[in-house]
There are 2 protein chains.
Amino acid sequence: MLLQTDYDHENRQMCPGPAERSRADARRAQILAAAVDCFRQHGFHGASIAQISKAAGMSPGHIYHYFENKEAIISAIVAGDLERFLILTSEIRSACNVREAMLDRVAEGIDQCLDHQTAGLKLEIVAEASRNPHVAEIVRSADKVCRESLMLTMRDMRRAAGHEDDDATLAAMVEVFVSMFEGLQIRTIRNPGIDRSVVIPLFQHSLRALLDQTP
Amino acid sequence: MLLQTDYDHENRQMCPGPAERSRADARRAQILAAAVDCFRQHGFHGASIAQISKAAGMSPGHIYHYFENKEAIISAIVAGDLERFLILTSEIRSACNVREAMLDRVAEGIDQCLDHQTAGLKLEIVAEASRNPHVAEIVRSADKVCRESLMLTMRDMRRAAGHEDDDATLAAMVEVFVSMFEGLQIRTIRNPGIDRSVVIPLFQHSLRALLDQTP
DNA sequence: CATTCTAGATCGAACGCTCATTCTATGTTA
DNA sequence: TAACATAGAATGAGCGTTCGATCTAGAATG
């Protein structure tokens, strides 16, 4: 939803149907998929429009019908990435036993962080955010939403266990919680031989200690 | 020591003295400092030789007297970065009470990870390693040394507390341990408003749980 | 001590290339 | 026919890198 220039031009007689409503949206998705591929392989600045256009099966010039410039493609990818993350957190939040749902899904989260391709692009995005103010703003505002969602989740979880924490403590819990996962993205680059099956139980142990801590 | 082409040409009557022995080494350091600055601001591929040469106060061509090409500059920075990390871990290892030394230095480590400038460059390096095989090799071989050093440290620490762990468990402990710190580097970009004074005690709590765990 | 020599230090213009972006012409579709 | 889709060449800027010319400081020479 973010960053989608309203471009609907009457929208094909009311059928928002099958994920790709208009030809324009299909082309847009096609470009984004190709760009993700290229950015993974060469980085934001290493990948050229020529490469992306070749991967997307169209001419370089044609890309500019759908995106204002290269940075707009980057922004769209970042926005899509974070939209997906928001969906994940809202899924966790809607589970009946949130604490167990969280711990159960740790393995899934770890596997996602350990995926080399995914991790590479995520790191590329953060590195870009550390110097590109426009990307930084997208990343930070979405991160804020994610943190707030996680804070609410944790407050419920802690209340159910009889703890009442102030906001600062909850925020810190969220930071440490997220740190561990995001750190794994770096780990998988620096040590591709990491053994997931041994890391998972340790991870769960540490998370339990974090979530159950008494101040 | 790494990446220093033997370039001594008789070395000024035997005085390896004050950190910068020859003029060439001084220039080299000057270029590296300027490059670090530029890379932080624009990334490895966003920063140009022209920019770096201006920041270093010399002509573009002159840089090529000291570095074969741009990637050699990147490699030198990565190598220097990791050399410093190795010094840090060896310092921790040589403390008398290693466990307490480690927990004491958590705050220091956190502050370092939370430094926006440092974190930005570290992330740039990892992102580059995720696609540049040459950088990846430097990063991974140094990471291996660091992990081995940390494993030995942890084994001693755990033995002193009466635990005997196998290598896989120790390796996993190291991974989770390092994950938490490296994750902070991402956190400080995604949420610059992070409150260190609340995060530190939580961090220490979680680390204690990790280091003292009974299998 | 003055002069010449020389080799490294340094410069900055020039090269060839690739980039992001633009523009015009043509194809397609309804 | 009208509006949009698409191609691909053109543009100009900027890139990493090379190269020949100049500068400089100390060694060699007288």
Side-chain angles (χ1 to χ4, degrees), chain A residues 5-15 20-35 38-39 41-77 128 132 134-135, chain B residues 4-15 20-32 34-35 38-39 41-77 128 132 134-135:
Chain A
T5 52
D6 321 40
Y7 195 84
D8 268 318
H9 53 79
E10 85 170 286
N11 200 20
R12 244 8 138 229
Q13 72 210 70
M14 271 304 217
C15 65
E20 278 151 14
R21 27 181 91 83
S22 74
R23 187 202 311 248
D25 284 347
R27 281 274 171 275
R28 206 180 286 271
Q30 192 178 345
I31 293 169
L32 287 180
C38 294
F39 288 155
Q41 282 177 64
H42 307 101
F44 282 146
H45 299 283
S48 70
I49 295 288
Q51 275 175 323
I52 295 171
S53 72
K54 194 173 289 182
M58 65 184 70
S59 72
H62 195 35
I63 287 187
Y64 288 84
H65 278 255
Y66 298 104
F67 293 94
E68 197 191 335
N69 51 35
K70 199 181 173 185
E71 201 184 303
I73 302 179
I74 296 178
S75 296
I77 289 177
E128 181 69 15
N132 179 330
H134 188 198
V135 172
Chain B
Q4 198 163 197
T5 52
D6 320 38
Y7 196 85
D8 267 317
H9 51 82
E10 81 171 291
N11 202 21
R12 248 351 138 243
Q13 69 210 71
M14 271 302 215
C15 68
E20 277 151 16
R21 26 181 91 84
S22 75
R23 190 202 309 249
D25 283 349
R27 283 272 170 278
R28 209 179 282 271
Q30 191 178 347
I31 293 169
L32 287 180
C38 293
F39 288 155
Q41 282 177 64
H42 307 101
F44 282 144
H45 300 283
S48 70
I49 296 288
Q51 276 176 322
I52 294 170
S53 72
K54 194 173 289 183
M58 65 183 69
S59 73
H62 195 34
I63 286 187
Y64 288 83
H65 277 255
Y66 298 104
F67 293 94
E68 197 192 335
N69 52 34
K70 197 181 174 185
E71 201 185 304
I73 303 179
I74 296 178
S75 296
I77 289 178
E128 182 69 15
N132 179 330
H134 188 199
V135 172

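Letters A, B, ... mirror the listed sequences (proteins, then strands); counts begin at 1. Basis for what follows: all heavy atoms, side chains included, without hydrogens, waters or symmetry-related copies.
- The shortest heavy-atom contact between A72(B) and E68(B) is CB-N, 4.1 Å.
- Panel note: side chain K70(A), backbone S48(A); no donor-acceptor pair is recorded below 3.5 Å.
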Can you give the donor-acceptor pairs under 3.5 Å from side chains of residues 53-62 of chain B to other protein atoms, not counting sequence neighbours?
unit_1, atom_1, unit_2, atom_2, d
S53(B), OG, I49(B), O, 3.3
S53(B), OG, A50(B), O, 2.8
S59(B), OG, H62(B), N, 3.3

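- Nucleotide dT18(D) holds its C1' atom 18 Å from the CZ atom of F67(B), rounded to whole Å.
- Atom CD of E68(B) is separated from atom C1' of dT17(D) by 12 Å (rounded to the nearest Å).
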Under 3.5 Å, which protein N or O atoms sit close to an N or O of nucleotides 11-13 of chain C? Give each pair with its distance.
unit_1, atom_1, unit_2, atom_2, d
dC11(C), OP2, S59(B), N, 3.0

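- The side chain of R23(B) contributes no N or O atom lying less than 4.0 Å from OP1 or OP2 of dA25(D).
- Comparing dA5(D), dT17(D), dT10(C) by their nearest atom to the side chain of K70(B) picks out dT17(D).
- Between the CG atom in N69(A) and the OG atom in S75(A) there is a gap of 8.0 Å [rounded to 0.5 Å].
- Contacts between residues 44-53 of chain B and DNA chain C, counted as heavy-atom distances below 4.0 Å, involve no residue at all.
- Using a 4.5 Å heavy-atom cutoff, the side chains of I74(B) and N132(B) are not in contact.
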Go through I73(B) and F39(B) one step at a time and tell me if the side-chain contact (heavy atoms from CB on, under 4.5 Å) criterion holds. CA-CA 10 Å; I73(B) 303 179; F39(B) 288 155; 4.2 Å; yes

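- The distance between atom NZ of K54(A) and atom C1' of dA20(C), rounded to the nearest whole Å, is 16 Å.
- Nucleotide dT21(C) holds its C1' atom 17 Å from the OH atom of Y66(A), rounded to whole Å.
- With sequence neighbours excluded, no residue forms a side-chain hydrogen bond (donor to acceptor under 3.5 Å, both in side chains) with H42(B).
- Counting to the nearest Å, the P atom of dA9(C) and the CG atom of D25(B) are 11 Å from each other.
- Between Y64(B) atom OH and dA9(C) atom P the separation is 18 Å, expressed in whole Å.
- Atom NE2 of residue H45(B) and atom CZ of residue F44(A) lie 12.5 Å apart, to the nearest 0.5 angstrom.
- The CG atom of L32(A) sits 5.5 Å away from the CD1 atom of I77(A) when rounded to the nearest 0.5 Å.
- Rounded to an integer number of Å, the gap from I63(B) CD1 to dT18(D) P is 13 Å.
- Where DNA chain D pairs in unbroken runs of 3 or more (Watson-Crick or G-U, both distances under 3.5 Å), the stems are C:1-30 with D:1-30.
- Atom P of nucleotide dT18(D) and atom CG of N69(B) are separated by 8 Å, given to the nearest angstrom.
- The shortest side-chain heavy-atom distance between D25(B) and R28(B) falls under the 4.5 Å cut-off.
- Applying the side-chain hydrogen bond (donor to acceptor under 3.5 Å, both in side chains) criterion to Q30(A), with sequence neighbours excluded, gives R27(A).
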